[in-house]
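All remarks here apply to the structure that follows.
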Amino acid sequence: MNRKLFLLDAMALIYRAHFAFNKSPRITTRGLNTSCIFGFMNSLLEVLTKEKPTHIGVAFDTSKKTFRHEQFEQYKANRQSQPEDITVAIPYIKQIVEAMNIPLLWLDGYEADDIIGTLSQKACATGEFETYMMTPDKDYGQLVNDCVFIYKPAFMGKPAEKLGVTEILDRWQIERVDQVIDILGLMGDAVDNIPGIPGIGEKTAQKLIAEFGTIENLIAGADKLKGKQKENVVNFAQQGLLSKQLATIHLDVPIPFDPEALQLKEYDKPRLSALMDELEFRQLKGRLLGADYEAAPAAKAATPAKPSAKAAPAGQMDLFAQVAPTPSGTQDLPFDFGDSDTTDQPVRVPVASGASATPDQVVTEVANEGEQPAFLDVPYETETPELSDSRQTIHTVRHDYRLVDTPELRQDLAYYLSLQESFCFDSETTSVDPVEADLVGLSFAYRKGEAFYVPVPADKDEAQAIVDVFKGVFENPAIRKIGQNLKYDILMLKKYGVEVQGKLFDTMLAHYLIEPEQRHNMDIMAMTYLNYQPVSIEELIGKKGPKQLTMRDVEMQKVVEYAAEDADITLQLKETFAPLLEKDSLNKLFEQVEMPLVNVLADIELEGVRVDQKALADLSATLDVDIRQVQQEIYTIAGSEFNIGSPKQLGEILFERLKLDKNAKKTRTGQYATGEEILSKLEEEHEIARKILDYRELVKLKNTYVDALPLLISKRDGRIHTSFNQAVAATGRLSSTNPNLQNIPIRTPRGKEIRKAFVPRSDEFVIMSADYSQIELRIMAAFSGDPTMLDAFNNGIDIHTSTASKVFGVPIAEVTGDMRRKAKTINFGIIYGISAFGLSQRLKIPRKEAARIIDDYFAQFAAVKGYMDETIEKARNCGYAETILGRRRYLRDINSRNQTDRQFAERNAINAPIQGSAADMLKIAMIQIHDFMQANHLKSKMILTVHDELVFDAHRSELDMLRENVDHIMRNAIPMAVKMETGIGTGDNWLEAH
DNA sequence: AACCGCTCT
DNA sequence: TTGGGAGAGCGGTTA
């Protein structure tokens, strides 16, 4: 048994890579999505370097139908069509595998698992091979034996796993591996459309197989079961047996086992090199061929690589140089926070808590670059071998992570930090909620590969004393603070009386600007940009659930490794991102908008909003009565009780029992659609429709707001502290969670009652709400320069009336209510990238009429049409749209051949600059207002932000001056070619303030 | 976990 | 013929 054979299930690995990279795809400069290829190659290389197989083969499915389709027509019938990325990737992967001289294994009529199964058993029979089936697919469990194993590749922070008989039996709680088939047969498999037996999931399947052994025995002994389960087993017996057949991997594929062919061979280096160049896999190429490999010229010609941007021949446009200007040209920000980023010399502020070491001596040592300061030589060092294997294969990193746990060491560390222009820090705590959390430790880094961890004990006083040692450096305005999601750490430190000062560099937000739609999670960014897999937090504290630990429960040595690494990695990410921000001209947006906003949001969250708990409790009681009432009425009309909240049951009642609307629409999953629009249409036809709509409204308000909000009222101050997320919305907007305070009802009378419950903190205060009037349409007017729109806005004419007058060709005075309503819908449609169909739906008019209205609109508003066309054209050329401050949104489908995808991208091209510029404007206003309020030590507080609105808890004595200043700042936040207007109101609750 | 439906701007 | 204005978060059901 000295031979080691790896058989890869290519399609399964490719799909897995596709989903893994779904959120942050790798795209070449030519727009080719190479995520799947990259993911596949990573898995392949991982195996080659780490497992050193002697033999290897890569198995593919074929596009032909297989014997399973003959057994079961619907086999894999509900699969989505293959994603384009994958279709494109497969030929490349086959080429690469060929170039590596690894055999491709496939046979029409069979799937990869049958081929792998057959070969693995043949290999086993020779007695010479140890075979690993490389796949994330659980079906393979049935094939495992003493010389055949599953190799589950590393995935999302989990190391690779080898699964043998013991692991499989343990995983499924079974006695023989072939019982995997019985379990899968019972459970079914949604992905492959294997039906299984209804009502049986993994847990039930395990229990039944433990008891009966096989599906056949289960069916024979169905008497012993009870109720619905018995019924199902009896009724779906055939389906269960069929499912078992489908889940069975066949071991009789007519394919020879040829050890010679499978033997690992030399690569076709020139071909491989050319392929790597074409795919722009620089690091991968190095790992495959050696870093200094240069292909022979002849080989390059075979698959010509794209000339790099720098080497582009004269006359050929470099895509990235061809940056489209913003609608009105990227302009300098109209404000400045005093520190110009070029001129300032950091001011050294002595640290009060000071140094115990001799300053002179220490400074000399620091100046001596590359050497470890003497004071840190003592305590703690981790060894690289402690890293799990999977991490090592990606990157072997030498690092120096140290525990700082004595008064002397802490003082020294604080002193060294005080000498830095910037340092990176991270806090370890007991909870993800900063309000709930206690500090467990702080980690710091200021040089790559070196980091320090300072544990903070549970005892309040001791903790405070330790934090106080670092108060000076945190509050030193000359030192920039680097971190990942700094708002969290800033809030955390505020609880310990530390006001973090100085410029910030938040890696999460830097990446949000660089790649707004990708994930900004540190582990993923480390993988993507540093090729390094950090210790996952799950490895330390376990999965979410009752058994989850807090950081305080974890062994110190592990925490040091984890926490110090976080600071180190974050520091390295900062080094990576800073030039990228520069390259994309995102610096000002980052330094002057996103970074200052972090502090503003932290303060808003900390303040919180007072909610009248009593009012909500009363409202809950009346809603409860009303819900029961409507519910009974619905049951009476329907003739039976059912779950009105179940769209499935409701659909059956409406469209099958009551036979409403014979051409009832179905959703794409085959259920009846019962949304608001559908039910509204049914209102005339049947009284039940109105009742259901009422029921829905009541239940929604009660469950989502009235009953949920009180649970989030803090015991400490009786207020609700939402959390604003600065890095989720692709356009630059903020979002709000826990709870979402950006979707508090206002439309309906009952909704208004909920808004009324948002009240000032005391009698001395009132709620003041300030919102931009028509911010998005004004921005559209400014960007397009349309004279009619500009005229209306600059002269205070109602924009919808003005639009109606133009589109319907009547004087302003003759615009009817209906005309204005239509114009309003059109105006909104414009912002979102209108279609005739969309407009006809919303206006409930025929499609032709909608098309005519749109034509009329564009005839009258030619500048708007021109702007829209231009924006799309620019996006086609440079691949992104941008806001007035240069915030980008990449539109990868803008040139897609798929009409739906392309049109979606086109709508985004129009909407993103508008929605995003509005967000830019509000963010600047927030920062300036926050500054103003702080500078004047106002008692009033900013408490909410809702896309175009700011809400304040305003002290009565400050009301007039606050109103005036807020209005002025908001209107002038970004000078535009159009007049900006605000609406400001006050009242004893949020509703009245509107 | 995915889907549906509904709340907001 | 299908799917067709944008951006979010949350609660419930179903599988």
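Sequence lines set the chain letters: A, B, ... in the order given, protein chains first and strands last, and positions in each chain run from 1.
Ring-base stacking between A:Y832 and C:dA6 is satisfied, the centre separation being under 5.5 Å and the plane angle under 30°.
A distance of about 24 Å separates the P atoms of B:dA2 and C:dG5, rounded to the whole Å. As rounded to the nearest Å, B:dC6 and C:dT2 have P atoms that lie 24 Å from one another.
Within the 4.0 angstrom heavy-atom criterion, base atoms lie near A:Q915. Within the nucleic acid shown, A:T900 has no heavy atom closer than 4.0 Å to any nucleic acid atom. Contact annotation for A:A708: backbone-only contact, meaning every heavy-atom pair under 4.0 Å involves sugar-phosphate atoms and none involves a base. Nucleic acid contact for A:I744: sugar-phosphate only, since backbone atoms but no base atoms lie under 4.0 Å from a heavy atom of the residue. A:E676 comes within contact range of the sugar-phosphate backbone alone, with a heavy-atom separation under 4.0 Å but no base atom that close. Residue-level contact check: A:N738 touches the backbone only, with heavy atoms under 4.0 Å from sugar-phosphate atoms and none from bases. Heavy atoms of A:A730 sit under 4.0 angstrom from primed sugar atoms or phosphate atoms, though from no base atom. Across all strands shown, A:F904 has heavy atoms under 4.0 Å from sugar-phosphate atoms exclusively, and none from any base. In this structure, A:G829 reaches the bases: a heavy-atom distance under 4.0 Å links it to at least one base atom across the strands shown. A:Q649 comes within 4.0 angstrom of the backbone, heavy atoms only, and of no base. Counting any heavy atom pair closer than 4.0 Å across all strands shown, A:R847 reaches a base atom. If you check every strand for non-hydrogen atoms under 4.0 Å, A:V699 touches nothing. Here A:I746 lies in heavy-atom contact (under 4.0 Å) with sugar-phosphate atoms only. Within the 4.0 angstrom heavy-atom criterion, only backbone atoms of the sugar-phosphate kind lie near A:N643; the bases stay farther away.
Within the structure, every side-chain polar atom (N or O) of A:T704 is placed at least 4.0 Å from both OP1 and OP2 of B:dT7. The side chain of A:N703 places an N or O atom within less than 4.0 Å of a non-bridging phosphate oxygen (OP1 or OP2) of C:dG12. Between A:R902 and C:dG4 there is no side-chain polar atom (N or O) within less than 4.0 angstrom of OP1 or OP2. Distances shown here put every side-chain N or O of A:N740 at or beyond 4.0 Å from the OP1 or OP2 atom of C:dG11. Taking only side-chain nitrogens and oxygens, A:S736 never comes nearer than 4.0 Å to OP1 or OP2 of C:dG9. A:R907 has no side-chain polar atom (N or O) that falls below the 4.0 Å cut-off from OP1 or OP2 of C:dG4.
The CG atom of A:L186 lies 6.5 Å from the CG atom of A:L208; values are rounded to the nearest 0.5 Å. Here the CE atom belonging to A:M926 is positioned 6.0 Å from the CG atom belonging to A:L922, to the nearest 0.5 angstrom. Between A:L679 atom CG and A:R690 atom CZ the span is 9.5 Å, to the nearest 0.5 Å.
Residue A:R733 places a side-chain atom within donor-acceptor reach of the base of C:dG7, judged by atom type and a 3.5 Å distance cut-off alone. Evaluation of atom-type donor-acceptor distances gives no pair under 3.5 Å for the side chain of A:R747 against the base of B:dT7.
Between the CD atom of A:Q903 and the C1' atom of C:dA6 there is a distance of 15 Å, rounded to whole Å. Nucleotide B:dT9 holds its C1' atom 12 Å from the CD atom of A:Q774, rounded to whole Å.
Comparing C:dG9, C:dA15, B:dT7 by their closest approach to the side chain of A:S735 singles out C:dG9.
With hydrogens and angles ignored, the 3.5 Å screen pairs no side-chain donor or acceptor of A:S840 with any backbone N or O of A:A850.
A:L741 places a side-chain heavy atom less than 4.5 Å from the side chain of A:F758.
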> How far apart are the C-alpha atoms of A:R778 and A:S773, what are their side-chain angles, what is the distance that settles it, and do they pass the side-chain hydrogen bond (donor to acceptor under 3.5 Å, both in side chains) test?
Replying inline: CA-CA 8 Å; A:R778 281 176 203 266; A:S773 149; 3.2 Å; yes

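A residue-by-residue look at A:G833 and A:G645 shows that A:G833 has its nearest nucleotide of DNA chain C further toward the 5' end.
For A:E753 and A:K756, the salt-bridge test passes: some basic side-chain N is under 4.0 Å from an acidic carboxylate O.
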